[in-house]
Each structure stands twice: as structure tokens, then as C-alpha cells.
Amino acid sequence: MKTILQKTTSFVLSVLLICFILPVRADASFEIPGTCRVQTDTGAARTVKTLDYSYDHNTYLSLRDMAMVLKDTEKPFSLEITKSTVSLNPGDAYSPVGVENTLWEDTENPDISLRRNECRVNGQKAYYYTLIMKLPSGHYDCFMMAADLAMILDVDLEVPETGVLQINTREPFCISPDVLEQSGYFYGVNGVLVGDVTTGEIFYQFQSDRAYPIASTSKLMTCLLTMDALSAGQLSSDGLVAVSQAAELLSASDDGVIDLEAGQQIPVRELLLGALLPSSNECALCLAEAVAGSEEAFVERMNQKAQELGLSQAIFFNSHGLPAYTEEPVPAKRQNRMSARDMFRLVSYLLKVYPQITDITSLKSATLSTLEEEVRNTNPLLYNLPGVTGLKTGTTNKAGACLVTSLRVDDGVSEHDLAVIVLGTEDSIERGRVSGLLARYALRAFYEGVGEPETGDSAQTPGNLPVHAEAAVNRILGTAGKH
């Protein structure tokens, strides 16, 4: 296998954390205005306005200023910005509006909100966390993370000196998780694993053998057992499931997602859509009761299946991943737990045995006809990265924000499924950003190969190697295809 270029490894953490000049400070606790110097490999250099959101160095750059920096390079882009949307077209010429690369007119806290705004990239809808503000001129500007813009434009970033951001327009976006780990980038994450579930090859892992709460990513096991029941003929896709009183109560709670009423008859197909796309807890409960008669019996099957699959760190208390209380006088609060490695094994089995599940998880939205309700997929990467086919988000206070991502790739010999497991980030913003970085690393690792890891727990172990003939043959064929 070819070795991934290592020369661009350290820039991402620097860009995300400390690449900008200390901003002009104001006595504010939200957005802090500042500036940094941005230069390109063509020699162009300009001052770019920045906003640090809540913390120093949590920095977002002015897209209008960046458009001027890149205007005469190989990576120009045009911009149209309204109060709530951004249209960005890589390759098109930018038309200045006269506010670019000027200093802040007012260093007071702008007091705008970081939102997941709609961005159209080459006409395709995507979503990024950005800050959109109205300038004194009446024009709107949008502030975006440097790493997000670099991934959109596919350019390399580095920090040659303090307060300077270098954009290399002739080099593709590239990261090294090992270097990010050494710099502490994953210290705010519970567990991470990136690999090829088709061959079992692990590209990178961090704290992958430690069990953590997994929130609604638990629904992947619920989905697996439902698919087993469908395969065995116990259930049918169009078969109707009666909503129980327990499901109605869950629907009416603070954790309810879809309004359900006891006695309603809902097809299994729609319950799967509800559980996997908007992460409906009540739909997951309905499936559990349909498969096993009660959630208690279903949980027994979940734990039994985990043992069968060798998920040594997995334990389940319910079908949906919400906190579960015991019935003791002093109740204990428990949550489903699993390690990133166990989740990788679960995803590997699910995608090999029931690859059709991605027909659901790759949908951005769907209509639940019985309920006359339109639901949307909660997976952020599905909107921003081609090839993403799923799989599941999850969030609780204890679990943090989790995301299990699958990507479909083709090495010229056969199709493969890659998986990016990210457990326990601080919030949905970091969940999407960490997963996005690692998904792009997964693609590069698959097509170009991975070198020997320097340090950390990303080193390959004998447990990652194929243990039977079919897996060994698949691994050899996959490696040959990459060459």
C-alpha cells in the first residue's frame, strides 16, 4: 500500500485551536472579534476578520475576506449570503461588495448565534455551523471554521508562524489522526475508530476498547434484531404493529420524537424509518415489543446477540438508548454501553448480513404515510460528504454526542463499506466536525493506504487481522485493488 503523505499532518489541530493571532478582546462572553493574516502559495496575503465563538481560538473566518484572498488562485469561489443561507460555488469568480479585508468597525461583541445554517455548495444543499451577521454596509457576511472551508475547497492548510494561516491551493486536504492525537485533539472524545468493515482493517483507533454510553446508536442493535425477525418471517415489512400504552407514554415524554397513540397500527417499515432517521425512541420501543413481546424480553435478546457477535464491552438496558432507571427504592440510572471496537464489529455484521439497511439510513428524509408525517435524517455528514450511507446519531448528557458513519467506496475490484465511529463528543458541532475529518481520512486511507502509526493506540494488533480464509482472501483482493 502507498503511504499517506505525512507533511500536512499537524496543521488541522493548529487551524482548529491556535492558528490565529490573539483577537481584539472585548468584555464579552460570546463572539470575540479579531483578525488573522492569511496567505496563499501564489503569494497573495490579506488580513481576514475572525470571530472567536465563546472561547479564544475557537475561530471562524470571514468568507468574504477569504474569497478575496483566493480570488486569483486555483481555488476561487463565489458567494451569495442572505440572513440565513449561504451559496458557495468553488471555481467561480468572486464579485467584491466593498467590505472585504477591512478591519472591524466596532470591536463590541456582535452577539450573533452559531447556527447550523443551510449552505448550497455548487447548488447542492449542505449544512455547516456558521455565524451570519449583517455588516454596517447592509451586506451579510458568513464566518466559517477554516477546516470546514478547506474541506469544501479541498485545499491544504498549515501554520508557518504565529498568527499566519497558509493556504496551499495545489495540495489536497489531508490529515493524520496520529498527529491530532499527539496534540490532544481527541482528548474531548470518549472513543474513536476508523476502518474498513468489509475487510476488518483498522485505519485508526483511540480508546477503542473502553466502554462508554452510546445513546441512540443503540438503535443499530434494535434494527439488527428487527432485520433478523424479518429475515426469519416472524415479521413482514408491511405488517402492522399496534402502538402500546408504554410507547404512547414515551412519545408524550420530553424524549418523544413522533406523536403516537395507543392502538394505532403502524407498518414495520415506517417504524424502522422513524427509529433510524429522526431517531424516534417510541418507534424503537414499538419494534422491540413487536419482535419479542415486551421490551424486557427484547433487551435479553440484545445482550444475547452482543455475546454471539463477540461484543465483549456491550451491555443493553433498553431498545432506544435513553437513560434507564431501576425499580429500587433508590433507583440507579443506567445507560446502554459499548466500546468503539464493539460498535465497529456490530456495524460490520449489520452491513454484511443486511446491506439493504443503507437504503433507509442513506435517505435524507422520508414520509411516514400512516402518520402523515415527514421525517429528516439526523446524520450531518449525509448532507455534506458524497458516499455517506448512514448510519446513526445518538445524544444523551452522559453519552455526549455520538455518530456512527458508513461510507460506500469502490477500489476497482469490489465495493467496500468504511465506518467512522465517534463516541462522546461535547456537542453536535464537534460530533460532526470530528466525524467529517475522520471520514475524509478514511477515504484517503482506503485509496492510498496507511503508514505505520507513530504512537497512540492506533497501532494494528493481531486481533485486527482476518481469522478465517474468506476474510483473508477478501483482504488480499482489497489490498491488490488499491495497488
Side-chain angles (χ1 to χ4, degrees), residues 216-252 255-306 308-309 316 318-322 336 346-347 349-379 382 389-394 404 406:
S216 283
T217 62
S218 305
K219 295 184 176 79
L220 292 175
M221 178 62 88
T222 299
C223 170
L224 172 57
L225 292 181
T226 301
M227 297 301 290
D228 281 346
L230 288 168
S231 178
Q234 177 189 346
L235 298 177
S236 67
S237 180
D238 295 325
L240 298 178
V241 175
V243 175
S244 67
Q245 187 66 40
E248 178 183 345
L249 288 173
L250 182 55
S251 172
D255 295 308
V257 177
I258 296 175
D259 291 332
L260 298 182
E261 295 182 5
Q264 279 182 304
Q265 301 282 324
I266 304 174
V268 170
R269 178 187 65 259
E270 292 189 19
L271 291 173
L272 279 170
L273 285 167
L276 291 173
L277 268 61
S279 198
S280 166
N281 301 305
E282 51 274 22
C283 285
L285 178 56
C286 286
L287 290 171
E289 293 172 338
V291 170
S294 69
E295 186 174 36
E296 292 75 16
F298 187 80
V299 169
E300 290 182 8
R301 294 194 188 186
M302 295 175 82
N303 287 309
Q304 180 181 353
K305 192 70 173 183
E308 292 173 1
L309 298 180
F316 295 94
N318 56 42
S319 60
H320 38 67
L322 292 173
N336 298 344
L346 174 60
V347 169
Y349 182 85
L350 178 62
L351 293 180
K352 286 178 181 177
V353 178
Y354 301 114
Q356 65 270 30
I357 197 62
T358 59
D359 293 342
I360 294 177
T361 57
S362 62
L363 294 174
K364 294 179 181 178
S365 63
T367 300
L368 307 184
S369 301
T370 304
L371 300 173
E372 298 181 345
E373 184 160 348
E374 184 83 8
V375 294
R376 291 178 57 82
N377 200 321
T378 56
N379 186 346
L382 194 65
T389 57
L391 283 167
K392 192 71 195 70
T393 58
V404 178
S406 60

Which atoms form the tightest heavy-atom contact between [X] and [Y], and what is the distance?
X: S406; Y: L351; value: CB-CD1, 4.2 Å
X: C286; Y: L260; value: SG-CD1, 4.1 Å
X: L272; Y: C223; value: CD2-SG, 4.3 Å
X: N379; Y: N377; value: N-OD1, 3.0 Å
X: Y354; Y: L224; value: CE1-CD1, 3.7 Å
X: M227; Y: I357; value: SD-CD1, 4.3 Å

Could you pull out all residues at least two apart from [X] that satisfy side-chain contact (heavy atoms from CB on, under 4.5 Å)?
X: D259; result: S251
X: L363; result: L273, L277, A366
X: A262; result: Q245, E248

For [X], give me all partners under side chain to side chain donor-acceptor pair (under 3.5 Å), at least two apart in sequence or on another chain.
X: S218; value: N336
X: T358; value: none
X: E289; value: S244
X: T378; value: T393

Side chains of [X] and [Y]: closer than 4.5 Å at any heavy-atom pair?
X: L346; Y: V404; value: no
X: Q265; Y: T370; value: no
X: T222; Y: M302; value: yes

Could you walk me through whether L287 and V268 pass the side chain to side chain contact (heavy atoms under 4.5 Å, CB included) check? CA-CA 7 Å; L287 290 171; V268 170; 4.1 Å; yes
Mark yes or no for whether [X], through its side chain, and [Y], through its backbone, hold a donor-acceptor pair below 3.5 Å.
X: E270; Y: P267; result: no
X: N281; Y: D255; result: yes
X: E295; Y: L285; result: no

[X] [atom1] to [Y] [atom2] distance, which is reported to the nearest 0.5 Å:
X: S319; Y: L225; atom1: OG; atom2: CG; value: 10.5 Å
X: L220; Y: L276; atom1: CG; atom2: CG; value: 7.0 Å
X: M221; Y: Y349; atom1: CE; atom2: OH; value: 10.0 Å
X: Q264; Y: L240; atom1: CD; atom2: CG; value: 11.5 Å
X: L371; Y: S280; atom1: CG; atom2: OG; value: 9.0 Å

Salt bridge (Lys or Arg N to Asp or Glu O under 4.0 Å): which pairs involve residues 216-229, sequence neighbours left out?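 Matches after skipping sequence neighbours: D228-K305.
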What residue pairs, at least two apart or across chains, pass salt bridge (Lys or Arg N to Asp or Glu O under 4.0 Å) with a residue in residues 361-374?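 The answer is none; no pair qualifies.
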What's the verdict on side chain to side chain contact (heavy atoms under 4.5 Å, CB included) for K392 and T361, showing C-alpha distance, side-chain angles and the deciding distance? CA-CA 8 Å; K392 192 71 195 70; T361 57; over 6 Å; no
Please list, one pair per line, the donor and acceptor atoms closer than 3.5 Å that link side chains of residues 230-239 to other protein atoms, with sequence neighbours excluded.
{"from": "Q234", "atom 1": "NE2", "to": "V291", "atom 2": "O", "distance (Å)": "2.5"}
{"from": "S236", "atom 1": "OG", "to": "G239", "atom 2": "N", "distance (Å)": "3.0"}
{"from": "D238", "atom 1": "OD1", "to": "R269", "atom 2": "NH1", "distance (Å)": "2.4"}

